[in-house]
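In what follows, a structure is listed as structure tokens, so that the remarks can point back to it.
Here is how names work: the chains are called A, B, and so on, in the same order as the sequence lines, proteins then strands, and each is numbered from 1.
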Amino acid sequence: MNATVTEPACAETRPVAESPALSLAINAWFVGNARDLPWRRHDFGAWGVLVSEFMLQQTPVNRVIPRLAEWLERWPTPGDLAAVPPGEAVRAWATLGYPRRALWLHSAAVEITQRHGGVVPSDIDELLALSGIGDYTARAVAAFAYGLRHPVVDTNTRRVIARAVAGQAEPAPPSRTRDLDAMGALLPLPRGDAAIFNAGMMELGAVVCTAKNPRCGDCPIQSSCAWRLAGYPAYSGPRKAVQKKFEGSDRQVRGLIMAELRATHHPVTDAEITGLWPDPAQRDRALAELRATHHPVTDAEITGLWPDPAQRDRALAGLLADGLAVATGPGRYTLPHE
DNA sequence: CACTCGTGGGT
DNA sequence: TACCCAAGAGT
């Protein structure tokens, strides 16, 4: 690590890379140009950071911000979330996408409550043991919530390293050890500087060194960027797998069923209702009204969502297998309520 | 490892 | 219009 650079520019593998110039320039830029995002507030807390990281997995910042605020207002601690049924988390997740994350976040809250006394752990391995937390999220929480010195590598960081250090237009396919080593070699020694550098690399990749149409003229490291110095060579590596078309896909059907499930509610028992109000006639009228809008999703409704029976079956089976839907009776489904 | 998993904005 | 892309994780 941190070997002193004694060779001039001809050492092709690492001329600029291990010089501290990169982190110095990026940190200076980040301090002056970082977006004012909620999870960067000093008092945001580890739970808030963890929730934000779950939401930010594959969902853009702008869509996360309002859901995150609602979420933390409703469930200010892991224990608050752990106390409600998982379906409530899925409903509050709304249209952020990939609703399994809501289920996993709920599970993580339960695990934090049970195993860690309701305190978000700071240890990488303990974080990795939580549901829905992988290499990126574990390190992000440790670094951003607790200020610990770990390399944090996301898709932005990988792209910045590929360009600025390796001189390539796009990063090679992700490789855990190689990516962590590459970032680890660039990471400043002081904890605080390391945390800023982790965030700064991500920020640079998010707002300047973007996947398409990078704004190289605004880049704080343009003068040392290996990609620029090489004349912006085009990417020549393996082609990234093209995302399958969403329109008409099983995924779209899942999404439609999920939207229906989010609009439903846990079936209330007669006993619960009896306890709410003394007058039976009034109870029945209120219940009839509720059933018109709040009821388990029925097979008939699902049939109306999509014409292809095979796709409907696959989508529903997938949701049941994932625990995003549960059967509450023959042909009746709701979000998980236990 | 390749594949799957939502949703919506940008170009 | 059809892609492309987005602070990944689990199987």
Spacing of [X] atom [atom1] relative to [N] atom [atom2], expressed in whole Å:
{"X": "A/L128", "N": "C/dA9", "atom1": "CG", "atom2": "C1'", "value": "11 Å"}
{"X": "A/K244", "N": "B/dA2", "atom1": "NZ", "atom2": "P", "value": "14 Å"}
{"X": "A/L56", "N": "C/dG8", "atom1": "CG", "atom2": "P", "value": "8 Å"}
{"X": "A/L105", "N": "C/dA7", "atom1": "CG", "atom2": "P", "value": "19 Å"}
{"X": "A/M201", "N": "C/dA7", "atom1": "CE", "atom2": "C1'", "value": "14 Å"}
{"X": "A/L204", "N": "C/dA7", "atom1": "CG", "atom2": "C1'", "value": "14 Å"}
{"X": "A/N62", "N": "C/dA7", "atom1": "CG", "atom2": "P", "value": "11 Å"}
{"X": "A/I124", "N": "C/dA9", "atom1": "CD1", "atom2": "C1'", "value": "16 Å"}

Just call it for [X]: base, sugar-phosphate, or nothing, with non-hydrogen atoms closer than 4.0 Å on any strand.
{"X": "A/D135", "answer": "sugar-phosphate"}
{"X": "A/T155", "answer": "sugar-phosphate"}
{"X": "A/K245", "answer": "nothing"}
{"X": "A/W39", "answer": "base"}
{"X": "A/L37", "answer": "base"}
{"X": "A/R314", "answer": "nothing"}
{"X": "A/T137", "answer": "sugar-phosphate"}

Side chains of [X] and [Y] in contact at under 4.5 Å (non-hydrogen atoms):
{"X": "A/T59", "Y": "A/W93", "result": "no"}
{"X": "A/V208", "Y": "A/E203", "result": "no"}
{"X": "A/L316", "Y": "A/V253", "result": "no"}
{"X": "A/T328", "Y": "A/H337", "result": "yes"}
{"X": "A/L81", "Y": "A/W71", "result": "yes"}
{"X": "A/V326", "Y": "A/Y333", "result": "no"}

> Is A/D43 atom CG crowded by more than 12 heavy atoms from other residues, nucleotides or ligands, each under 6.0 Å away?
Replying inline: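 Yes.
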> Considering heavy-atom distances to DNA chain C, does A/L130 or A/N156 have its closest nucleotide positioned more toward the 5' end?
Replying inline: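 Per heavy-atom nearest nucleotide, the more 5' residue is A/N156.
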> Can you tell which of C/dA7, C/dA9, C/dC5 lies closest to the side chain of A/A211?
Replying inline: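 Nearest nucleotide to the side chain: C/dC5.
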> Is any side-chain N or O of A/S52 closer than 4.0 Å to OP1 or OP2 of C/dA7?
Replying inline: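 No, outside the criterion.
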> Atom CD of A/E126 and atom CZ of A/R115: how far apart are they, to the nearest 0.5 Å?
Replying inline: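 Interatomic distance, A/E126 CD to A/R115 CZ, rounded to 0.5 Å: 9.0 Å.
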Atom pairs, N/O to N/O, protein against nucleotides 7-11 of chain B, distance under 3.5 Å?
from  : atom 1 : to    : atom 2 : distance (Å)
B/dT7 : O2     : A/R63 : NH2    : 2.4

> When you compare B/dA2 with C/dA7, how far apart are their P atoms, in angstrom units rounded to a whole number?
Replying inline: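 It comes out at 23 Å once rounded to the nearest Å.
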